[in-house]
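Step one of this worksheet: look at the structure below.
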Amino acid sequence: MSESKHILITDVSLRDGNHAIAHQLTLKQIACYCTAVDKSGVPIVEVGHGNGLGASSLQLGEAPFSDHEMLAEAKKHLSKAKLGIHVIPGFATINRDIKPALDLGVDVVRVASHCSEADITARHLSFVREKGKTAFGVLMMSHMLSPRALAEQALKMESYGAEAIIFMDSAGHFLPDQVTERVKALLDLLTIPVGFHAHNNLGVAIANSIAAVNAGASLLDGSARGFGAGSGNAQIEALIPVIHRIGHQTSIDLYSLLDAADLAEKELMQHCPTISSLSIVSGLSGVFSGFLKPVQRISEAYKVDPKEVFSKLGERKVLAGQEDLIIEVASEISNKRGSK
């Protein structure tokens, strides 16, 4: 076992969980969960549209409240935890989105890009650091690069001012040894901490998170009951006791966290995340977990097999934000069958 260390935890239930309910979290739900999870000592609570600040739209899903309404409500109910946001340049602008968010009391800004496009985060990361707030870099869909190439992208984010790098298994595609390889590659090049964000499409979110810690990562994400895109994230109330059992520390009181998770199941979710057949195909295909619901909806409309749609999307190496390609792929499959 590695030397004992403190693991910084971010609860992404109120951001990644939004994917699971078509981005329809209400202010009341945000308030009640923030109140409950704040008691547990979770250090960072991330809030917002599933795709981050500025992403509410017809294409990605319209939220019933603005980003700033959600953040203001969350801030009122967090006395110990820091308020975090997910930011993808292109969706979020500095003047329209980030400045007002910081004015509302956001403490931690995680600036994200596709794993091969770290260049687009330079201005956003630099701005957040200039404002004296915590700035983390996030590399999404990280299975699409080799460990070395991923580390080189992370190094760019460090040069822009990122204080830590979190790489995301956005498709739930990784196995533990692949996570280990990437953590080690990042730590070989970086001078800042490394973190990991798991998805559970193949049932290994907790195992992958522990592999990350054992390889040297010191930041992890989780959500209540795994509430998140696809088959969900690492289940935070299971992740924390496992971290403690292997000899590491967090700032979190487990029983209070369990209470928050129970409340989340009752108040936030239509149903708890499960490892469905379709989520497995999504993970194996390496397709963004947030595509699950639109693929189901569009496949039904075109009367095609959603598993085949996911497979074709994986062949095309589609990225988050390319939801319009789901219609194109479903239409092509339907047309081919109609011509036979």
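Since this is a predicted model, take the numbers as computed values, not measurements. The figures here come from the full heavy-atom set of this structure, side chains too, leaving out hydrogens, waters and symmetry mates.
- Phe174 is not connected to Ile280 by any chain of hydrophobic side-chain contacts under 4.5 Å among Ile, Leu, Val, Met, Phe, Trp and Tyr, and they are in different clusters.
- In this structure, a donor-acceptor pair under 3.5 Å is absent between the side chains of Ser56 and Asp67.
- Sequence neighbours left out, the pairs with a member in residues 13-42 that pass ring pair (Phe, Tyr, Trp, His ring centres under 6.0 Å) are His19-His23, His19-Phe288, His23-His49.
- One finds a salt bridge joining Arg148 and Glu152 here, because a Lys/Arg side-chain nitrogen approaches an Asp/Glu carboxylate oxygen to under 4.0 Å.
- For the pair Arg15 (side chain) and Gly50 (backbone), a donor-acceptor distance under 3.5 Å is present.
- Side chains of Asp38 and Ser79: a donor-acceptor N/O pair is present below 3.5 angstrom, by distance only.
- In this structure, a donor-acceptor pair under 3.5 Å is absent between the side chains of Asn208 and His199.
- A donor-acceptor pair shorter than 3.5 Å can be found between the side chains of Ser231 and Ser279.
- Under the side chain to side chain contact (heavy atoms under 4.5 Å, CB included) rule, Leu220 has a single partner from Ile243, Thr250, Thr10, which is Ile243.
- Evaluation of the ring pair (Phe, Tyr, Trp, His ring centres under 6.0 Å) test over residues 82-136, restricted to residues two or more places apart or in two chains, returns none.
- With respect to the salt-bridge test (charged N to carboxylate O, under 4.0 angstrom), the residues Glu267 and Lys28 do not qualify.
- Under the 4.5 Å side-chain heavy-atom criterion for Ile, Leu, Val, Met, Phe, Trp and Tyr, Leu258 and Val242 are members of distinct hydrophobic clusters.
- Looking at Lys75 and Asp107, a side-chain N of the basic residue comes within less than 4.0 Å of a carboxylate O on the acidic one, giving a salt bridge.
- Take His77 and apply the ring-ring contact (aromatic ring centres under 6.0 Å, His included) test, not counting sequence neighbours, and it matches no residue.
- Counting only N and O atoms by type, the side chains of Glu158 and Thr191 include a donor and acceptor under 3.5 Å apart.
- Between Gln249 atom CD and Leu8 atom CG the span is 13.5 Å, to the nearest 0.5 Å.
- Between the side chains of Glu163 and Thr134, no donor-acceptor pair is found at a separation under 3.5 Å.
- Side-chain contact of Ser13 with Asp11: a donor-acceptor pair under 3.5 Å is present, judged by distance alone.
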